[in-house]
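What you are looking at is a predicted structure, and each value in this text was computed from that prediction instead of being measured.
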Amino acid sequence: MIVLKQKQKTKSSKREWVRKWIGRRSALGISNTLIKELAAEDTKSFYNFLRMNENMFNTLLEMVNNKIQRQNSVMRMTLPAKLKLQIGCRYLATGDSLATLQYMYRAPKCSISKFLPEVFDAIYEALKNYIRGTFNIVLLALVDGNYNFTCVDIGSYRSQSDGGIFAKSNLTKSIEKSKLEIPPESLILAACALHNWIRKNNCEPCITVDVEDHENQCIIPGNWRTGQNSENLLPLCATQERKELVLSEMDLLIFLWEMGLFPGSTI
């Protein structure tokens, strides 16, 4: 009885090799369900989901397949390269948490954390020619996702080059010592290379932002306002309203001048 109880205890304490719901990835995971439906029925939503169309995704998959695909073992089947690339592109596009990606794709979070750097390295290696030359750092500051400054380095002389100032700055030292919570280098390089590649090869219209026309005192709206959820955006100010605002400011200045509130003016 004692031996039998010990065997039962050992058996119950063993962890499952693969959780049951993850084991149903091929049948129910988003890679083989929703994404296939989007590719066949709603190409705009497919583009919105991965930030590229199906042809571009397949082209990129051919470029990185050999670098991210692993051999199956006797114990288990490896994750397909297509799934890894989908997860990598989705992460770069949205910054979804690993837990969210785990439930969407039915892939273990621990596995995602391991293969994502490999996917980023493969993307950069395949597309690094789309990043040409080096660029000077013109603003020694970091901002967060809400455009709040989180780090500012001030005090260098303008006679030095931007690159030299950055190399000697406290900001660079903090980055090298990993004191700042910024993404790893592989993620940044992959995102930059992928962005340039999509912009150069994408046949879809690029997203443009609003541009202020100072000469005509109006705002030229970008096409991002005509996308999804654009009905929730505040309307742009009309040109006439903007001119009326300028005239009101001028009237105020004249009034203050006539009241003698500026040096050299008389009442």
(request) Not counting sequence neighbours, which residues clear side chain to side chain donor-acceptor pair (under 3.5 Å) with Ser97? List them please. (result)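 Here the qualifying residues are Thr100.
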Do you know the tightest heavy-atom contact between [X] and [Y]?
X      : Y      : value
Met52  : Ile198 : CE-CD1, 3.9 Å
Trp197 : Met56  : CH2-O, 3.1 Å
Arg25  : Asn32  : O-ND2, 4.1 Å
Thr33  : Ala27  : CG2-O, 3.6 Å
Ile35  : Phe46  : CG2-CE1, 3.6 Å

Value rounded to 0.5 Å, distance of [atom1] in [X] from [atom2] in [Y]:
X      : Y     : atom1 : atom2 : value
Leu28  : Leu34 : CG    : CG    : 12.5 Å
Ile30  : Leu83 : CD1   : CG    : 10.5 Å
Tyr103 : Ile22 : OH    : CD1   : 8.5 Å
His195 : Leu92 : NE2   : CG    : 12.5 Å

Please identify each residue that fulfils side chain to side chain contact (heavy atoms under 4.5 Å, CB included) with [X], with sequence neighbours left out.
X     : value
Asp42 : Leu38, Lys44, Ser45
Asn58 : Glu54
Glu62 : none
Ala81 : Leu61, Asn65, Ile68, Gln69

(message) Using side chain to side chain contact (heavy atoms under 4.5 Å, CB included), reason through Ile87 and Leu79 one step at a time and then give a plain yes or no.
(response) CA-CA 11 Å; Ile87 293 176; Leu79 295 173; over 6 Å; no
Atom pairs and distances, donor-acceptor, side-chain atoms in residues 107-126, under 3.5 Å, two or more places apart:
| residue | atom | partner | partner atom | Å |
| --- | --- | --- | --- | --- |
| Ser113 | OG | Cys110 | O | 2.7 |
| Glu118 | OE1 | Arg70 | NH2 | 3.0 |
| Glu125 | OE2 | Lys128 | NZ | 3.2 |

(message) Under the side chain to side chain donor-acceptor pair (under 3.5 Å) definition, can you give me all pairs with a residue in residues 81-96, not counting sequence neighbours?
(response)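 Those involving residues 81-96 are Ser31-Gln86, Arg90-Asp96, Thr94-Asp96.
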(request) Would you please classify the geometry between the Phe49 ring and the Tyr105 ring as parallel, tilted or perpendicular, with 30° and 60° separating the classes? (result)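 It falls in the tilted class, 30° to 60°.
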(request) For the pair Arg106 (side chain) and Trp21 (backbone), establish whether a donor and an acceptor sit closer than 3.5 Å, ignoring hydrogens and angles. (result)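 Yes, because the side chain of Arg106 sits within donor-acceptor range (under 3.5 Å) of the backbone of Trp21.
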